[in-house]
2 protein chains.
Amino acid sequence: MTVNASAKSSPSIRDVAKLARVSHQTVSRVLNDHPYIRPATRERVLAAMAELNYRPNRAARTLATSRSHTIGVLLTASASHYGPASTIAAVEEAARDRGYSVVLASPGRVEVAEFSDALDHLIREGVDGIIAVAPQIRAAAAVAKLHNPVPVVMIQCDSGDPRLSVDNRVGGKLAAEHLWRLGHRRLAHVSGPGDWSEATARRHGFEEALADVGSGPVAIAEGDWSAESGYRAFEHLRDSGCTAVFCANDQMALGLIHAAHDDGRRVPRDLSIIGFDDTPEAAHYLPPLTTIRQDFHMVGRRAVDSLLSALDGTPKHGRSIHPKLVVRDSTSAPA
Amino acid sequence: MTVNASAKSSPSIRDVAKLARVSHQTVSRVLNDHPYIRPATRERVLAAMAELNYRPNRAARTLATSRSHTIGVLLTASASHYGPASTIAAVEEAARDRGYSVVLASPGRVEVAEFSDALDHLIREGVDGIIAVAPQIRAAAAVAKLHNPVPVVMIQCDSGDPRLSVDNRVGGKLAAEHLWRLGHRRLAHVSGPGDWSEATARRHGFEEALADVGSGPVAIAEGDWSAESGYRAFEHLRDSGCTAVFCANDQMALGLIHAAHDDGRRVPRDLSIIGFDDTPEAAHYLPPLTTIRQDFHMVGRRAVDSLLSALDGTPKHGRSIHPKLVVRDSTSAPA
DNA sequence: GTCACAAATGTGACCGGTCACATATGACTT
DNA sequence: AAGTCATATGTGACCGGTCACATTTGTGAC
């Protein structure tokens, strides 16, 4: 008397084969949509699968094919920032559509060591490819240096591939042009951290646009993306005589508005402020924030496309993603 | 003439064994810190591993042990909300510390079908356990109904386990008590969506605290967590004669402040407003927001603890997580 | 009738670990 | 010297898929 196999762990391809009275290989073929299966046979196999509640074992397939159908996402400490969070949601969705799973790794701090640990973790995990949300220049460099056994796509780091990142330079330009057109001539900037490529791209775009009209920023303060740092940045701008400020993200703009307010200046009457990102809250700041909108969701989808096509060897093309100016009440003509 | 194995794919445990002149099993023992390995032997094996740049193959181990050392995280559409985003970062960190990987699945919409798809995806993936960030009551019910072959821990859904969720009821109480103590007697509430358990818990805590002093809310409006919905909620409160409002999260509080301002009311002079969460931006709203702080990070760590101990069969205990009142400028005594 | 060839299915090895079990070595009794 | 036991290592099967190859069946051409 043998113990019923189904009483033990989950059924295997052989159990299904036995029930459908075919060979295990035929079951495998049904599983993989191979041609040359008689419809009647396929039916029998499918029925057997259903009856046994069969679920293919990913590990076994991975072992045999050495393709895990898994992509790793490397996420820096900024996980709770609005941008990255919405990007990875898009990544997961796009990946699952294509039959891929997403495994996560988030290095605690922005240290090269932590970074390579996290990468290593993903590679050990057997991912087929990696999407690195590596907005810090150092981080991107670290990733690029480690020569990885799998393809790596870097996003939010102005990686050179214009499809994979909102064009931050253009965004900076839009901000400068908007303020200039309103009549402002003394413009300041609160930038993101110097080692974030998005921050430098936004800044450069801003400076270039000013240079084009023969001007330049009267002051630049560096923040760390947080509202708190935007608040503190005001110190550095107070005596610059600026009438308008471009903040590299919405949170810092919020902090700056707060500081300006504490200093007795009204926005936009005494000081125009423009942000970047267009977070869902920006429309409800006081005053509602003029900002540059970017499409994080698109970035995530594009990243998956790009990675999977690198895996399949079928290169894909697409246009770069342009940010958009959204005018609200925090900017106006100077008094 | 045989092709050098190293030229092909990555080295296996047998390659290491050959180089170290031991059996493959000995290598396996070194890998798993088994006792009864002579130090000299261990050295030789480790050296061989280093030389070959050996990396254990997770799929093979998973296949042999039927433990994937992977936990799935089920994340609802709310991924870009501040809370969930910081929670999963904590989950990943805690999991990696324990040698587990995290795979993600985020159902696009809050539909039972999408939910069970996502769960199924994770189970197929071979996860050892699942952490479901399932704040919607419907979602939680859906997860609970599907009888899963692996343990599932639900967080942010007041699952009954007080260790795994900030005590939202207490948070609601704190808000009510703060406003009452300031002298407010006509209190309103902007709640989260009715089918989120956190929303109802906050609301109930608020109502209970008022009932304790023989009162009750003069108006309740339901929002969807967004600042936009907070703005719209003002409509429903305008004529209630309320002097203070408890908003179920900071974003809605922001929207409400905006609406109040548009209606010519000053905060807190004409209307006190208190939020919930203490997002990093809340301190920089105008006025800076009084709110209830909760520790998302802790929730994430606890969830992993709880899941892994369920897997190991070693139950863990811990105190429930209490939220904290943070007083800023958006609340004051009524005029 | 048989040969050729496509369609449909079966056979056993293999991926890279772990498991259960067998075996070899040394130290310590008796 | 033989027996016992802990220590240290080796052997081959196995997990559940896929792969390369072999085999059987059906169909039309000659």
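Quick note on labels: first sequence line is chain A, next is B, and so on, each numbered from 1.
- Judged as a side-chain hydrogen bond (donor to acceptor under 3.5 Å, both in side chains), not a single pair has a partner in residues 39-48 of chain B (not counting sequence neighbours).
- As rounded to whole Å, 12 Å separates atom P of D:dG17 from atom CZ of A:R58.
- In terms of heavy-atom proximity, B:A90 sits nearest to B:R301 at CB-N, 4.3 Å.
- Rounded to an integer number of Å, the gap from A:K18 NZ to D:dG16 P is 12 Å.
- Ring-plane geometry between B:Y100 and B:H69 is classed as tilted, the angle between the planes lying from 30 to 60 degrees on a 0 to 90 degree scale.
- In this structure, A:Y54 has no ring-ring contact (aromatic ring centres under 6.0 Å, His included) partners at least two apart in sequence or on a different chain.
- Of the two residues contacting DNA chain D, namely B:A64 and A:A64, the nearest-nucleotide position lying further toward the 5' end is that of B:A64.
- To the nearest angstrom, C1' of D:dG10 lies 16 Å from CZ of B:R21.
- Applying the ring-ring contact (aromatic ring centres under 6.0 Å, His included) criterion to B:H121, with sequence neighbours excluded, gives no partner residue.
- Nearest to the side-chain atoms of B:R14 among the listed nucleotides C:dC19, D:dA13, D:dG17 stands D:dA13.
- Here the CZ atom belonging to B:R124 is positioned 9.5 Å from the CG atom belonging to B:D117, to the nearest 0.5 angstrom.
- The neighbour count for B:R98 CZ, taken as heavy atoms of other residues, nucleotides or ligands under 6.0 Å away, is above 12.
- The residue A:I37 sits close only to the backbone: its heavy atoms come under 4.0 Å of sugar-phosphate atoms, none of a base.
- For the pair B:I13 and B:Q25, the minimum side-chain heavy-atom distance is 4.5 Å or more.
- Side chain of A:D128 to backbone of A:I71: no donor-acceptor contact under 3.5 angstrom is found.
- Among the atoms of the strands shown, none is found under 4.0 Å from any heavy atom of A:P35.
- With a cut-off of 3.5 Å on both pairing distances, the Watson-Crick and G-U wobble pairs of DNA chain C assemble into stems of 3 or more at C:1-30 with D:1-30.
- For the segment residues 40-49 of chain A, no residue has any heavy atom less than 4.0 angstrom from an atom of DNA chain D.
- Both B:N57 and A:V22 sit near DNA chain C, but only A:V22 has its closest nucleotide nearer the 5' end.
- Between B:Y54 and the phosphate of C:dG17, there is a side-chain N or O to OP1/OP2 separation shorter than 4.0 Å.
- For the atom pair CG (A:L307) and CD1 (A:I155), the distance works out to 10.5 Å, reported to the nearest 0.5 Å.
- In this structure, the CZ atom of B:R67 is 16 Å from the C1' atom of C:dC19, given to the nearest Å.
- For the contact set between residues 24-34 of chain A and DNA chain C, defined by any heavy atom under 4.0 Å, the members are A:H24, A:Q25, A:T26, A:R29.
- In this structure, A:L63 atom CG and C:dG16 atom P are separated by 7 Å, rounded to whole Å.
- A:D120 places no side-chain N or O within 3.5 Å of a backbone atom of A:S116 that could act as its donor or acceptor partner.
- An OP1 or OP2 oxygen of D:dA8 is reached within less than 4.0 angstrom by no side-chain nitrogen or oxygen of B:Y36.
- With hydrogens and angles ignored, the 3.5 Å screen pairs no side-chain donor or acceptor of B:Q294 with any backbone N or O of B:V166.
- Closest-nucleotide positions on DNA chain C for B:R38 and B:A59 were compared, and the one nearer the 5' end corresponds to B:A59.
- Within the structure, a side-chain polar atom (N or O) of B:R61 is placed less than 4.0 Å from OP1 or OP2 of C:dT18.
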